[in-house]
Amino acid sequence: MKGDPVYISLPSRVPGFPPDHALKLNKSLYGQTDAPRIWYDKLRPGLEARDFTVYNADPCLFISKKVICICYLDDCLWFAKNSKDIGAVLQLFKDDGDEYNWEMTEGGTVEEFLGIQ
């Protein structure tokens, strides 16, 4: 995890730990203030390694020869003329496995992404 170290307090009745101990996080938590930046710092090099270029006017827009990716916080919209091209990019991320800790779910609509449904 990049950035400043983050520590969390233990619940008051966790057995085996003194009450004044804290735990250091090794990865960001959903909802943490730095989580979107940490996600972007991981996503951008991952996309650039797959021949995507960040668009100068919008750092959340990534363009390759066949696929466009728009990211917002920890969600991405994928566009292509052929859905197989999107599938190929997503498969590359899945093939990385735990090395980069890519966690993704596929599906949903643009309306769900925008929060208007």
Pairs of donor and acceptor atoms involving the side chains of residues 80-93, under 3.5 Å and at least two apart or interchain, shall be tabulated with distances.
| residue | atom | partner | partner atom | Å |
| --- | --- | --- | --- | --- |
| Asn82 | OD1 | Lys84 | N | 2.8 |
| Gln91 | NE2 | Asp95 | OD1 | 2.8 |

Chi angles and distances behind the side-chain contact (heavy atoms from CB on, under 4.5 Å) call for Arg44, Phe52: CA-CA 9 Å; Arg44 182 176 177 162; Phe52 281 81; over 6 Å; no
Got a list of side-chain donor-acceptor pairs under 3.5 Å for residues 64-72, not counting sequence neighbours?
| residue | atom | partner | partner atom | Å |
| --- | --- | --- | --- | --- |
| Ser64 | OG | Lys66 | N | 3.4 |
| Ser64 | OG | Val67 | N | 3.0 |
| Ser64 | OG | Val67 | O | 3.1 |

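- Counting only distance, with no hydrogens or angles, the side chain of Tyr40 and the backbone of Pro59 share a donor-acceptor pair below 3.5 Å.
- The neighbour count for Tyr55 OH, taken as heavy atoms of other residues, nucleotides or ligands under 6.0 Å away, does not exceed 12.
- Put simply, CZ on Phe79 and CD1 on Ile63 are 12.0 Å apart, with the number rounded to the nearest 0.5 Å.
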